[in-house]
Enquirer: 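Before we start, here is the structure in question, set down as structure tokens.
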Amino acid sequence: MSTTAVVRKNTYFDSVSLMSVSTKANGLDGVEQAFTAMGTEMNKSVLENLGLLTDELRDAGNGDLMIVLVTADGADTDELLAEVEELLHRKAPASAAAGTVTYRTLTGAARGVGGANLAVIAVNGAYAAREARKALLSGLHVMLFSDNVSVEDEIALKQLAHEKGLFMMGPDCGTAIVNNVALCFGNKVRPGTVGIVAASGTGSQEVSVRVHGLGGGVSQLIGTGGRDLSEEVGGIMMIDGIRALAADAATDVIVLVSKPPAPSVEARVLAEVAAAGKPVVVWFIGGSQEAVTAAGGHFAADSLDAARQAVRLAGVGQPDVEEFDAVAAADAVVARLAPGQAYVRGLFCGGTLCDETMYAVRDAGTEVWSNIQKDPAHRLTASAPSTGHTFLDFGDDDFTNGRPHPMIDPALRLERLVEEARDPEVAAVVMDFVLGFGAHEDPVGVTLPAIAEARRIAEEAGRHLEIIGYVLGTDLDTPSLAAQTAALRAAGVTVTRSSTETGSFAREIARKATQA
Amino acid sequence: MRHCEPIGLRVESGDAGLLRRLDAWRGEGRVHSVFTRVVNVLTPRGTLIALAARGAGHAPRTLAADVTDWAGRGLLAGQAAVFAPGSITLAVPGRPVRLTTAGARGWSAAAPSVAGLRPGARATAADLLDRCNAEHGVRGGMLGATPGAGPMEAAIVRALHHGRTLLLDAIRAGDAGLMRQGVLALLGLGPGLTPAGDDFLTGLCLVAALPGSAQASLVPVVRDLASARPERTTDLSLATLLEAADARARAELLDILRLVAHTAAPGELHAAARALLAIGHTSGSDTLSGLAAGLRLEEELRGPL
């Protein structure tokens with residue numbers, strides 16, 4: 001083990017960037033500890049107490065940035081320092097971006113970028129509708145990432161877009177793939193003939209990566225925003241999306257993803273399904289089969305079913321996958337539990353992934369509590385402790401108010417994992433890890449210390465804690481699905497292959513552990 | 001040459017006190033540090049001020065300009081900043097940036113008094129703020145170590161705990177010498193640009209600097225140390241702490257104090273605390289810890305009457 005230090009004179013990074021660099025540096029192979037801090041007397045005194053204060057660090061001033069690496073024996077310290085320098089370079093402040101062209105207004109950008117026909121808008125909700133309207137009036141399709149837009153504004157924007165023949169994706173639209181370009185939280189998937197229209201961000205990500213995993217590909221993924229199929233909005237964007245994909249020569253099969261729509265909206269959407277002239281697979285999470293089938297649609301019971309049917313109908317890929325024996329897998333887990341370990345706790349970044357697992361457990365006749373439960377009697381606030389089988393969506397407003405989405409900032413979820421490990425009634429913790437553009441650069445890596453801590457706590461209390469991880473991603477994503485999965489397995493986590501499989505596994509553990 | 005014409009920007013709003021003093025500052029200062037949303041500038045008198053992008057929030061010594069961010073303008077630390085009545089010109093080679101202050105709205109950074117509160121109100125507010133911090137705050141500073149923290153973070157968290165205990169006990173005892181040790185144990189401690197120890201001191205010192213505070217003896221200790229030992233922490237942190245010693249703070253902190261002063265509904269106070277927690281990485285949590293500690297100590301020192 002050796003200590004290497006670098007001092008960058010008069011270098012200032014904001015705290016969030018500094019923490020990000022430090023976290024990534026700690027994840028480099030060969031680094032046992034990495035630490036970045038300003039060269040104040042007190043910070044140097046801490047380093048001295050730890051025996052890490054080199055002469056170079058001793059000379060650092062209060063305006064200097066100290067980078068300390070404790071490296072493993074045999075590690076190439078020069079190489080590691082170069083990697084840390086690269087991390088700092090990537091986080092360099094605004095002045096480094098002098099070559100980049102920035103525009104002060106959306107209309108200015110539309111004028112400046114010849115041929116631009118789509119605006120991605122992510123501003124404070126108070127200004128979002130105004131900016132979206134400007135974009136539509138400039139002839140741009142809109143993907144509106146912002147939330148906190150009133151339903152009246154949403155309706156007006158969608159009607160305006162409809163009249164102008166444009167897409168109004170959102171508000172609160174986090175995922176789209178347009179002409180093979182993934183926007184915001186999209187994944188890198190193979191181009192193909194399956195078109196997706198979705199009112200659910202992670203639901204659409206899940207279907208797109210499953211289609212990819214089964215050998216198919218995606219023509220377009222059109223997000224609508226979560227409120228599109230409400231009574232008030234009336235499914236304007238989903239209907240426009242279905243019509244667009246029906247007319248798109250590159251799309252052979254259409255997949256619809258949403259929570260169950262309002263009844264009147266469902267009728268309108270299913271009328272479009274009947275008129276599409278192409279096979280349409282309908283996954284309305286927790287919805288019923290009868291109406292879909294009557295409209296000539298293909299009902300999907302879950303996300304994996306939706307992807308399999310799409311691939312089969314498109315006549316590409318390999319829709320059959322080895323079945324997962326959730327019962328046998330759960331038996332093996334339950335056999336290792338101590339008396340009293342009865343409950344499953346789900347800690348999710350993706351709302352639909354949380355929904356799918358929660359519905360699977362609830363469908364087994366088990367009571368579940370959640371911050372996204374419709375039933376007020378089973379609803380938990382963000383600050384409430386878990387009870388029984390609990391499933392938390394950390395991307396919900398109650399957790400994200402004033403802080404980034406958990407796909408970017410996992411801090412709250414990490415703390416909750418450790419907290420759940422202390423509960424002697426917990427049998428299993430289920431977590432999702434979402435890869436793709438816009439997501440955390442290493443969602444598994446940043447969670448590994450908390451996983452180790454959770455396992456240590458349970459082991460010291462004489463309990464087995466089953467941690468189940470599902471990685472939503474593809475072999476084309478960075479980091480890759482294989483690398484993230486391998487890292488989880490190495491940490492003793494049981495890895496599932498799909499959101500649907502995750503739900504089945506959680507359901508069987510919940511059923512058997514509760515009975516035991 | 002045409003390309004040397006300054007790019008004109010307007011200061012839309014700013015610290016009213018700073019706007020008043022600006023006209024008196026003439027001469028050359030320099031750009032201290034450049035971030036995406038804020039450019040820090042040293043005035044000809046050596047005072048650190050901030051030029052913020054629109055929406056970055058009001059704070060002492062801060063002017064908000066009509067820009068969405070400072071990216072792509074070629075600004076670098078060390079470039080000259082020329083102060084003249086009504087303008088500041090940042091000497092970016094080839095394309096200087098000139099900010100004019102005419103018409104800028106003044107914003108008051110002065111904290112409200114909480115002296116008229118009934119017994120128990122400060123402790124109730126402190127309890128709520130601490131609960132909110134525990135539920136929504138970020139670990140790594142005053143709230144303790146993050147899960148799986150390495151030895152360095154653990155050592156800093158231990159030192160923060162030690163400094164906090166030392167300082168709060170010293171204030172209780174009214175012992176200026178011990179207060180000095182407590183402040184020195186926290187000043188500059190923590191990895192960030194505003195170290196966690198300083199953020200805690202900012203929250204605590206702000207309460208101590210309020211009119212009629214029972215812990216007012218902390219303020220001269222902080223001022224003396226900040227003047228005598230500026231090398232103990234970063235320039236930005238020192239400026240924030242000195243403003244707190246003058247009972248001036250950023251808008252998110254003032255909002256909390258206003259709600260405490262009016263014994264607002266818990267939901268409102270909770271929402272204001274969440275806004276503070278969104279600042280920086282652990283800065284919001286650490287500052288809120290200091291504020292809550294200050295309010296609780298104030299209650300303790302005033303007694304039940």
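Below, chain A is the first sequence line, B the second, and so on; all start at residue 1.
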Enquirer: Taking every non-hydrogen pair under 4.5 Å, which of B:Gly150, B:Ala185, B:Ser283 racks up the most with chain A?
Expert: B:Ala185

Enquirer: What part of B:Leu187 gets closer than 4.5 Å to chain A, counting heavy atoms only: side chain, backbone, both or neither?
Expert: backbone

Enquirer: Tell me, with the steps shown, if B:Leu189 and A:Val46 meet side chain to side chain contact (heavy atoms under 4.5 Å, CB included).
Expert: CA-CA 9 Å; B:Leu189 179 60; A:Val46 168; 3.8 Å; yes

Enquirer: Report the option among B:Gly190, B:Gly140, B:Ala155, B:Gly197 that has the most heavy-atom pairs separated by less than 4.5 Å from atoms of chain A.
Expert: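 So the answer, after comparing B:Gly190, B:Gly140, B:Ala155, B:Gly197, is B:Gly190.
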
Enquirer: Using the rule given for side chain to side chain contact (heavy atoms under 4.5 Å, CB included), can you reason through B:Leu238 versus A:Asn62, listing the C-alpha separation, both sets of side-chain angles and the distance that settles it, and then say yes or no?
Expert: CA-CA 11 Å; B:Leu238 199 67; A:Asn62 59 344; over 6 Å; no

Enquirer: Return the minimal non-hydrogen interatomic distance between B:Pro147 and A:Pro449, and the atom names on each side.
Expert: O-CB, 4.3 Å

Enquirer: CG/B:Leu184 to OG/A:Ser45 distance, rounded to the nearest 0.5 angstrom?
Expert: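 Between atom CG of B:Leu184 and atom OG of A:Ser45 there are 11.5 Å.
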
Enquirer: How close do B:His136 and A:Ala382 get, counting heavy atoms only, and between which atoms?
Expert: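 Closest pair (atom of B:His136, atom of A:Ala382, distance): CE1-CB, 4.4 Å.
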
Enquirer: What part of A:Gln33 lies closer than 4.5 angstrom to a heavy atom of chain B: side chain, backbone, both or neither?
Expert: side chain

Enquirer: For A:Leu52, which atoms come within 4.5 Å of any heavy atom of chain B: side chain, backbone, both, or neither?
Expert: side chain

Enquirer: Please determine, among B:Gly78, B:Ser33, B:Ala134, B:Pro151, the option with the most heavy-atom pairs under 4.5 Å with chain A.
Expert: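 Of the options given, most contacts go to B:Pro151.
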
Enquirer: For A:Thr36, is it the side chain, the backbone, both or neither that has a heavy atom under 4.5 Å from a heavy atom of chain B?
Expert: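 Backbone only.
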
Enquirer: Highest number of heavy-atom pairs under 4.5 Å with chain B: which of A:Glu453, A:Glu32, A:Glu415?
Expert: A:Glu415

Enquirer: Let me know if B:Leu236 has heavy atoms under 4.5 Å from chain A in its side chain, its backbone, both or neither.
Expert: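 B:Leu236 has no heavy atom closer than 4.5 Å to chain A.
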
Enquirer: Atom CD of B:Glu135 and atom CG of A:Leu412: how far apart are they, to the nearest 0.5 Å?
Expert: 10.5 Å

Enquirer: Which one of B:Arg158, B:Glu153, B:Arg131, B:Arg232 has the most heavy-atom pairs closer than 4.5 Å to chain A?
Expert: B:Arg232

Enquirer: Where does B:Thr234 contact chain A at under 4.5 Å (heavy atoms): side chain, backbone, both or neither?
Expert: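 Contact with chain A: backbone and side chain both.
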
Enquirer: Tell me if a side-chain donor or acceptor on A:Thr40 pairs with a main-chain N or O of B:Thr233 at a distance below 3.5 Å.
Expert: no

Enquirer: Excluding sequence neighbours, so at least two apart, what forms ring-ring contact (aromatic ring centres under 6.0 Å, His included) with A:Phe35?
Expert: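 For A:Phe35 there are no ring-ring contact (aromatic ring centres under 6.0 Å, His included) partners, ignoring immediate neighbours.
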
Enquirer: Using side-chain heavy atoms (C-beta onward) and a distance below 4.5 Å, is A:Met38 in contact with B:Pro191?
Expert: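 Side chain of A:Met38 against side chain of B:Pro191, heavy atoms only: no contact under 4.5 Å found.
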
